[in-house]
Amino acid sequence: MNMLKLWGYAALLAILAIAATSCDTTDNNKPELELIPVNQVTVDGYTISLEAEKEPETGANTLYWKLEQNGNIITPQSISIQPMMDMGDMMHSAPYNQPKTAEEDDRYFKNMAVFIMPSGSMGSWTINFEITTPTDEMISGEIPVEVASSWKLTSVRDDNDKVYFITWYAPQKPVTGQNDLTFLIHTRESMMNFPAVEDLVLDVYPYMDMGGGSGHSTDFTNPVATGDGFYEGDINYSMSGTWTTSVVLVAANDTLPEVVFEYSVQAQ
Ligand SMILES: [Cu+2]
């Protein structure tokens with residue numbers, strides 16, 4: 001081995017050592033929050049930023065709220081919100097909860113909203129907010145939100161026209177192998193009130209159509225109610241590709257028509 005090669009070797013080893021140590025120092029048990037900006041408004045010198053893990057879409061969304069004054073992040077005493085869709089001749093809200101301090105990053109407040117329609121020619125979404133600042137100032141306003149259409153939300157009605165919104169909560173990105181299988185179910189009491197439904201029995205069936213009249217299911221456990229409208233089970237996809245999952249809701253003395261989610265499972 002000549003001198004040049006030796007030097008190259010040494011340099012490579014040094015780089016590897018640095019890479020290894022820097023990996024060690026950035027190693028962190030908490031998963032890093034990776035947020036994208038959704039929208040931002042300024043009211044009375046305060047900047048209110050709305051951020052999320054993904055572009056807002058129909059179904060469940062975790063929304064992160066940040067308050068800034070003169071470029072400094074400040075912690076509000078409280079944030080109260082209401083999502084609203086303006087459809088021209090009528091307005092309606094959505095299933096949602098109120099923002100609370102995000103345990104994974106206390107610079108943010110976070111909440112969940114289930115957008116039940118996409119933005120578009122039918123209507124547009126805004127989120128009304130009311131914030132109490134650390135110095136007891138009240139600021140309020142609205143922040144427009146663009147909501148894309150997704151496969152993760154559907155609805156079904158019973159004979160009395162009672163509507164159930166069924167959200168595919170997990171997996172957000174289905175992959176081959178083991179996945180949580182979680183649904184979230186709400187009904188509508190009024191255009192402003194969408195309570196969670198906790199007392200249903202779910203009957204789900206995953207299926208892959210292999211063409212030519214053949215197909216197969218895969219291992220799964222039927223989701224069961226765990227409170228707040230959540231229904232949790234799991235699923236082990238045996239193949240990547242297009243899958244359907246039918247869901248039948250069984251309410252007291254009533255079995256509702258089947259709904260079907262269709263989506264793609266990525267190889268892992
Ligand atoms: Cu609407």
Seminar exercise, completed: All heavy atoms of Asp136 vs all of Gln77, minimum pair found to be OD1-NE2, 2.8 Å
Exercise. Within the side chain of Ser93, is there an N or O that forms a donor-acceptor pair under 3.5 Å with the backbone of Pro83?
Worked result: yes
Problem set entry | Contact check, side chains of Gln266 and Pro174, non-hydrogen atoms, under 4.5 Å | no
Exercise. Do Asp219 side-chain atoms and Ile235 backbone N/O form a donor-acceptor pair below 3.5 Å?
Worked result: no
Exercise. Taking only residues two or more places apart in sequence or in another chain, which ones pass salt bridge (Lys or Arg N to Asp or Glu O under 4.0 Å) with Lys54?
Worked result: Glu57
For this session: Determine, for Asp161 against Arg157, whether the closest basic-nitrogen to carboxylate-oxygen distance falls under 4.0 angstrom.
Result: yes
For this session: Not counting sequence neighbours, list each pair that qualifies as a ring-ring contact (aromatic ring centres under 6.0 Å, His included) and has a residue in residues 73-107.
Result: His92-Trp125
Problem set entry | Non-hydrogen atoms of Val43 and Ser140 that approach each other most closely | CG1-O, 3.6 Å
Problem set entry | Heavy-atom side-chain contact between Pro99 and Lys110 under 4.5 Å | no
Exercise. In a check of side-chain contact (heavy atoms from CB on, under 4.5 Å) between Ile139 and each of Asp44, Thr132, Thr42, which one passes?
Worked result: Asp44
For this session: Could I get the full list of ring pair (Phe, Tyr, Trp, His ring centres under 6.0 Å) partners for Phe129, not counting sequence neighbours?
Result: none
Exercise. Any donor and acceptor pair, going by atom type alone, linking the side chain of Asn70 with main-chain N or O of Asn72 inside 3.5 Å?
Worked result: no
Exercise. Between the main-chain N or O of Pro144 and the side-chain N or O of Asn39, is there a donor-acceptor pair closer than 3.5 Å?
Worked result: yes
Exercise. Does a side-chain heavy-atom distance below 4.5 Å link Gln98 with Ile81?
Worked result: yes
Exercise. With a 4.5 Å heavy-atom cut-off, do Pro195 and Thr187 have their side chains touching?
Worked result: yes
Exercise. Do side-chain atoms of Glu262 reach the backbone of Thr244 as a donor and acceptor pair under 3.5 angstrom?
Worked result: no
For this session: State, yes or no, whether a side-chain contact exists between Met239 and His216 at a heavy-atom distance under 4.5 Å.
Result: yes
Exercise. Is there a donor-acceptor pair closer than 3.5 Å between any side-chain N or O of Ser124 and the backbone N or O of Ser119?
Worked result: no
Exercise. Do you know the tightest heavy-atom contact between Met112 and Asn97?
Worked result: N-OD1, 2.7 Å
Problem set entry | Flag side-chain contact, heavy atom, 4.5 Å: Val145 against Asn61 | no
Exercise. What's the verdict on side-chain hydrogen bond (donor to acceptor under 3.5 Å, both in side chains) for Gln40 and Ser49, showing C-alpha distance, side-chain angles and the deciding distance?
Worked result: CA-CA 4 Å; Gln40 192 175 72; Ser49 300; 2.9 Å; yes
Exercise. Below 4.5 Å, heavy atoms only, C-beta onward: do Asn179 and Asp234 meet side chain to side chain?
Worked result: no
Seminar exercise, completed: In short, ring-ring contact (aromatic ring centres under 6.0 Å, His included) pairs touching residues 59-88 with sequence neighbours left out are Tyr64-Tyr108
For this session: Can you sort out the partners of Tyr169 under ring pair (Phe, Tyr, Trp, His ring centres under 6.0 Å), two or more places apart, ordered by chain and number?
Result: Phe230
Exercise. Quick one: does Ser80's side chain have a donor or acceptor within less than 3.5 Å of a partner on Glu130's backbone?
Worked result: no
Problem set entry | Ring-ring centroid check Tyr263 Trp243, cutoff 6.0 Å | no
Table please: side-chain donor-acceptor pairs of residues 204-212 below 3.5 Å, with sequence neighbours left out.
{"unit_1": "Tyr207", "atom_1": "OH", "unit_2": "Gly215", "atom_2": "N", "d": "3.4"}
{"unit_1": "Asp209", "atom_1": "OD1", "unit_2": "Gly211", "atom_2": "N", "d": "2.8"}

Exercise. Is Leu50 close to Ile127 at the side-chain level, that is, under 4.5 Å between some pair of heavy atoms?
Worked result: yes
